[in-house]
**Student:** 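My structure is below; once you've seen it, I'll send some questions.
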Amino acid sequence: MPELPEVETVARYLRETVVGETISAVVVLDPRFADLEETHELVGRRVLRVGRRGKHLSLELDDDWVLQLHMMMAGQILVRPREHSEDRFLRLQFNLSGDIEVRFCDSRRFGRAYQLDAPAYREFLKSLGPEPLADSFTARLLLKALAGRRVALKSALLNQQLLAGVGNIYADEASWRARLHPLTPAGSLSDAEAGRLHRGIRRVLRDGIASCGTTFSQYRSAEGEPGEYQSQLRVFQRTGEKCFRCREEIERIVVGGRSTHFCPKCQPASRAAGS
DNA sequence: CAATCAACCTGGGTGC
DNA sequence: TGCACCCAGGTTGATT
């Protein structure tokens with residue numbers, strides 16, 4: 001599921017709907033899902049801000065309490081009116097003042113919810129790589145993050161300590177934009193290539209947000225709506241279809257255990273290991 | 001320290 | 001219909 005554009009889409013809706021609301025009840029349906037030792041501590045607290053860092057969502061509450069949510073592969077965070085019908089795979093629910101509920105659903109039970117105190121939250125914010133859409137994220141910074149890395153570019157882009165928020169879909173899409181083979185050694189990029197990659201990453205993430213994310217099956221916005229970026233994908237899950245740039249057939253390989261899609265003609269394997 | 005890989009889970013789709 | 005098998009947007013922890 002959810003990569004940066006999908007999480008941002010959810011965060012934006014939460015900002016419109018739950019900021020200022022007070023938690024009136026926490027319902028844990030799957031104890032393994034939520035690492036909330038003291039759920040009663042959350043009751044009565046108000047949501048002051050909704051943050052997003054990489055693929056993580058943070059509900060910042062009164063007294064520096066933070067509720068961290070991660071949707072992993074299949075999670076859905078839905079904002080529902082109390083009378084809304086039951087949602088499938090509900091694992092955790094927050095009832096809010098104003099008769100609305102935040103429902104965290106997840107068929108695969110990979111998602112997680114947990115509390116952080118202020119110091120732990122600061123540590124967490126520092127533990128991830130730069131935000132790719134921040135003004136401060138430059139091509140030079142990207143080059144620096146990749147410097148010295150011999151892993152495949154694809155694997156580096158998925159490393160959240162190097163760059164926060166890019167996942168399997170947007171990594172492939174950005175590499176296609178930059179005309180870089182996914183097996184290119186991450187630390188071998190020239191200035192020009194890093195510039196193209198930097199533009200590609202920001203382009204696909206911005207476009208993804210503008211389309212409210214990519215939905216193949218599970219992902220829904222907090223309003224329960226599917227995203228629309230899947231119609232704009234250039235390589236992801238287009239194996240055997242024609243490249244939009246050169247009409248060559250898109251190929252699929254496995255890199256670091258992850259399905260990887262690219263155009264063998266537009267993204268030549270000059271320096272790429274193993275091909 | 002860097003890189004690789006299995007494990008965590010379940011549902012949906014496909015092919016026999 | 002049933003069943004075996006493959007695939008999936010992510011992360012972490014053990015191992016090399």
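Order of the sequence lines fixes the chain letters, A, B, ..., with proteins taken first and strands second; residue numbering starts at 1 for each chain.
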**Student:** Can you tell me if A:T215 and A:R220 form a side-chain donor-acceptor pair at under 3.5 Å?
**Tutor:** no
**Student:** Looking for any heavy atom pair under 4.0 Å, which part of the strands does A:G257 touch: base, sugar-phosphate only, or nothing?
**Tutor:** nothing
**Student:** Looking only at side-chain N and O atoms, does A:T214 offer a donor or acceptor that is under 3.5 Å from a partner on A:Y170?
**Tutor:** yes
**Student:** Please state the C1' separation for the pair B:dA3 and C:dG9 - nearest whole angstrom.
**Tutor:** 23 Å
**Student:** For the pair made of CZ in A:R150 and C1' in B:dA2, what is the distance, rounded to whole Å?
**Tutor:** 9 Å
**Student:** How would you label the contact of A:R252 with the nucleic acid (heavy atoms, under 4.0 Å): base, sugar-phosphate, or nothing?
**Tutor:** sugar-phosphate
**Student:** Rounded to whole angstrom units, what separation is found between the CZ atom of A:R258 and the C1' atom of B:dA3?
**Tutor:** 16 Å
**Student:** 5'-most contact on DNA chain B: A:R32 or A:R88, nearest heavy atom basis?
**Tutor:** A:R32
**Student:** So, do A:F110 and C:dT11 meet the stacking rule of ring centres under 5.5 Å and planes under 30°?
**Tutor:** no
**Student:** Classify A:S155 by what it touches in the nucleic acid, base, sugar-phosphate, or nothing, heavy-atom distance under 4.0 Å.
**Tutor:** nothing
**Student:** Using the six-membered ring wherever Trp is involved, compare the ring planes of A:H56 and A:H70 and label them parallel, tilted or perpendicular (cut-offs 30° and 60°).
**Tutor:** perpendicular
**Student:** Considering only atom P, compute the distance from B:dG11 to C:dT11 and round it to an integer number of Å.
**Tutor:** 22 Å
**Student:** Return the nearest nucleotide to the side chain of A:R149; candidates are C:dG10, C:dA8, B:dA2.
**Tutor:** B:dA2
**Student:** Between A:Q160 and C:dG10, is there a contact of a side-chain N or O with OP1 or OP2 at under 4.0 Å?
**Tutor:** no
**Student:** Within the 4.0 Å heavy-atom criterion, would you say A:R112 contacts the bases, only the backbone, or no part of the nucleic acid?
**Tutor:** nothing
**Student:** Choose from C:dG10, B:dA3, B:dG11 the nucleotide whose nearest atom is closest to any side-chain atom of A:H70.
**Tutor:** C:dG10
**Student:** Which whole-number value in Å describes the distance from A:F89 CZ to B:dG12 C1'?
**Tutor:** 10 Å
**Student:** May I ask which nucleotide in the shown strands pairs with B:dC9, Watson-Crick or G-U wobble, both distances under 3.5 Å?
**Tutor:** none
**Student:** Nearest whole Å is fine: how far is C:dG9 C1' from A:E3 CD?
**Tutor:** 5 Å
**Student:** Give a yes/no answer on whether the side chain of A:S259 brings an N or O atom under 4.0 Å of OP1 or OP2 in C:dA8.
**Tutor:** yes
**Student:** How many Å lie between CD on A:Q76 and C1' on C:dA8, as a whole number?
**Tutor:** 14 Å
**Student:** Take atom CG of A:D106 and atom C1' of B:dT10, then tell me their distance rounded to the nearest Å.
**Tutor:** 9 Å
**Student:** Check A:R80 with A:E101, please: is the shortest side-chain N to carboxylate O separation under 4.0 Å?
**Tutor:** no
**Student:** Looking at C:dG9, does its base get a donor-acceptor pair with the side chain of A:S217 below 3.5 Å?
**Tutor:** yes
**Student:** Among the nucleotides C:dG9, B:dC9, C:dG10, which one has an atom lying closest to any side-chain atom of A:R109?
**Tutor:** B:dC9
**Student:** From the options C:dG9, C:dT11, B:dG11, select the nucleotide whose nearest atom is closest to the side chain of A:S107.
**Tutor:** B:dG11
**Student:** How would you label the contact of A:F236 with the nucleic acid (heavy atoms, under 4.0 Å): base, sugar-phosphate, or nothing?
**Tutor:** sugar-phosphate
**Student:** CD of A:Q161 versus P of B:dC1: gap in Å, rounded?
**Tutor:** 12 Å
**Student:** Is it true that A:E173 and A:Y229 share a donor-acceptor pair across their side chains at a distance under 3.5 Å?
**Tutor:** no
**Student:** Can you measure A:F104 atom CZ to B:dC9 atom C1' for me and round it to whole angstrom units?
**Tutor:** 14 Å
**Student:** Using the six-membered ring of A:F244, assess whether NZ or CZ of A:R234 lies under 6.0 Å from its centre and within 45 degrees of the ring axis.
**Tutor:** yes
**Student:** Is it the case that B:dC9 (base atoms only) and A:R108 (side chain only) share a donor and an acceptor within less than 3.5 Å, ignoring hydrogens and angles?
**Tutor:** yes
